[in-house]
2 protein chains.
Amino acid sequence: MQSRLPTLSDVARCAGVSYATVDRVVNDRGGVAEKSVIRVRKAIDELGYVRNVAAANLSQNKTYRFAAIIPTGTNQFFQQLRAILEAERIRLLADRIDLRIEGIAAFDGEALCERLDILSQTGIDGVALVGTDDDIVAQKIAELRSAGIAVLTLVSDAPNAPRDAYIGIDNRVAGQTAGRLIGLCHGGACGRVLPIVGALSAPDHAERLEGMRETVTSLYPDLDIAPVIIGRDEHEIVENKLRPIFKNSHDITAVYSVGGGNAGLLRVLRSLPDGQNRPIVVLHDIVPQAREALEDGVIDAIIDQRPEVEIANALSCLRSIADRRIPDVTDPILPTVYFKENLPPHGRDSFVRPGHAVNRTASGHASKSRILKEIDQ
Amino acid sequence: MQSRLPTLSDVARCAGVSYATVDRVVNDRGGVAEKSVIRVRKAIDELGYVRNVAAANLSQNKTYRFAAIIPTGTNQFFQQLRAILEAERIRLLADRIDLRIEGIAAFDGEALCERLDILSQTGIDGVALVGTDDDIVAQKIAELRSAGIAVLTLVSDAPNAPRDAYIGIDNRVAGQTAGRLIGLCHGGACGRVLPIVGALSAPDHAERLEGMRETVTSLYPDLDIAPVIIGRDEHEIVENKLRPIFKNSHDITAVYSVGGGNAGLLRVLRSLPDGQNRPIVVLHDIVPQAREALEDGVIDAIIDQRPEVEIANALSCLRSIADRRIPDVTDPILPTVYFKENLPPHGRDSFVRPGHAVNRTASGHASKSRILKEIDQ
DNA sequence: TTGTACGCGTTATCAT
DNA sequence: ATGATAACGCGTACAA
């Protein structure tokens, strides 16, 4: 029935000390007599004091300055990632988080380093980037962290770099899952799996490939793995490398595409002659074309990394680090398998039905108009 | 470079009106001259004003009072759900959310209604409950909402009840996915699928069963569906009903268990004579025994509903409704397929590596000791 | 070592 | 129709 939770003042009164003393105890600032500490701790326990985060944030009145560096180019997944970030901007501003979204050429460690240099000079609290297996990147990350800037790797880790955290799926596990799926779909028959990657310098691509290889070779010895196609996540390159393979040899029974450029793969699949059985196809990330292909039955499964969850976790983590708090323990992001049946709905429908508590009162309308306005911008 | 975002005072100054007038415009309180409204709107646009939610929350100094009603009993999934909620309590208190966790017999609409009556008298802002297909429950939900209490159904919806929202997976889709998996694993061979449910009055169970039936009958006509076992989510009941079936007939090639009581199923599976091939097994929800079974190869796949995500969404949604805001559009929760390979790690490991920004400063230690203390309780 | 007082941006109330 | 101002709880600068 208590409608008001205890405050630091309540604790001070209960402990018979001043507000400032309680603050010193609570925030470990030191310089407090031992017996005062004990009395304060006791009062906190008795009253069940819990720090009010809204008040704490307000009193500091700090605007966090974060940046996200996302590869540009035709890769639809990164376009989607960028769109999710853009859509979050206003919401984040309401929590006093100022997010810059930067573009950068994919698979280019030098360009990434340059951008990081510029960013660190403009003064930011943290940055999220897509990791590369590249010594100069690891070096630059170390520099940033020495300068007190939080660094997160997103989607793909940066091996040997002292980043604060990696936010993304375990890509080896994703590859193993793909291997399991492909194996299952062969139903004991022989076959040959064709892997497609963007670049082997991208740790996520390399790890997915390795995971698939592990599972297939150990659990499905009747399956063979063809030489890897390297497509730089560009659909033209993928298409051009793939066409001759499907034209000249008919032994490919499965395709595992770990990265982007799948528009090229799909064009090839859709143009296969009727007589030629289409291979089992597993690819990554629900982007529009992949979704269509799954709905049309041109491919069999998509492994997704839930970019919305990744971004939410990354922002929460950046904030915790900037606050010098222990990061919230978020659940690890798991590679998620989608078939035609459990493909998520297009428009991010939620299951919320309109009702009396929403959209009715004056303040309800106020919120609505504000929100609509924000979305327009 | 701006380290301070514009405030309502800034807007007032820019618009040449008082603080209170700006507040009236921003919060649609009315009673403002049209020309003032226009000037304020213009100033807001020019300055890029965004409401500071920390300040807003602080000024209201409201503690939300929510309740969650979770079935008791041996069902491990609900035990897990309860544990997740318990673990969130202190965190929630820091955001001034007071969460009560209540227990109730499973599949018992009357008991649920009684509990809801008691709760509504103690004064709460919102409640989350596991829905039942039951007229008196629908009736009671309507009463609560008329009294201004937000009502969410969690895990299982309540058909025809005017709840504010349903937070959970689409259970028909989950069933369809199970059907697809079972079909794939048969590799074109004939077979007979044995479904196990807790109760058909539970909408989630009924829908999963129906979804599986749809996919199997339409896509895999060589598969037959055996009469449904009703086990009330109790492992002894499940075991007792299952033993004779596996003893007397050897034609079951797959089992789909939509609910709880799987300890009984697993005992039966583990004690099958060596000569008898174990069936393909798909079940729901990663609870310890199911995890072990998947690791041991006793079952083939688990369909999970990510209870942590469900709870996070439910709380966020309750808060929005209590605030009379438009609920955040959260991504729909999707049934997630796990094989042995992509089973999430046990201890909720995150990918965070310790580093300089965390656990070092004085305030870092303060946070740490507080958090550890909270966990002990 | 301990205590006081002000600022943060919003909401709500009271006065004009 | 408009304006002034007191909370709200925490962090912190400064005084004792």
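Side-chain atoms are counted along with the backbone in the values below, which use heavy atoms only and exclude waters and symmetry mates. The structure presented is a predicted model; accordingly, all values stated were derived computationally and were not measured. Here is how names work: the chains are called A, B, and so on, in the same order as the sequence lines, proteins then strands, and each is numbered from 1.
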Can you give the first and last nucleotides of DNA chain C, 5' to 3', that have an atom under 4.0 Å from a heavy atom of chain A?
C:dT1 to C:dG9
Those residues at least two apart in sequence (or on a different chain) that pass salt bridge (Lys or Arg N to Asp or Glu O under 4.0 Å) with A:R115 are A:E102
With sequence neighbours excluded, residues passing salt bridge (Lys or Arg N to Asp or Glu O under 4.0 Å) with B:E86
none
According to side-chain hydrogen bond (donor to acceptor under 3.5 Å, both in side chains), who are the partners of A:Q60, at least two apart in sequence or on a separate chain?
none
Which angle, to the nearest 10 degrees, lies between the helix axes at the two ends of the helix from C:dT1-D:dA16 to C:dT16-D:dA1, each defined by five pairs?
40°
Protein proximity profile, nucleotides 2-10 of chain D - base contact B, sugar-phosphate-only contact S, no contact -, cut-off 4.0 Å on heavy atoms:
BBB---BBB
Return the set of residues passing side chain to side chain contact (heavy atoms under 4.5 Å, CB included) with A:A67 (not counting sequence neighbours), or none when no residue passes.
A:R100, A:L119, A:I124, A:V127
Applying side chain to side chain contact (heavy atoms under 4.5 Å, CB included), name anything that partners B:S9, two or more places apart in sequence or on another chain.
B:T7, B:R13, B:Y19
Hits for ring pair (Phe, Tyr, Trp, His ring centres under 6.0 Å) against B:Y49, two or more places apart or cross-chain, chain-then-number order -> none
For B:A142, enumerate each residue passing the side chain to side chain contact (heavy atoms under 4.5 Å, CB included) test, keeping only those at least two apart in sequence or located in another chain.
B:P162
Going through the checks in order, is the side-chain contact (heavy atoms from CB on, under 4.5 Å) test met by B:L5 and A:D98?
CA-CA 10 Å; B:L5 264 48; A:D98 183 12; 5.7 Å; no
Residue list, ring pair (Phe, Tyr, Trp, His ring centres under 6.0 Å) with A:F78, at least two apart or on another chain
none
Contacts of A:A20 that satisfy side chain to side chain contact (heavy atoms under 4.5 Å, CB included) - sequence neighbours left out:
A:S18, A:R24
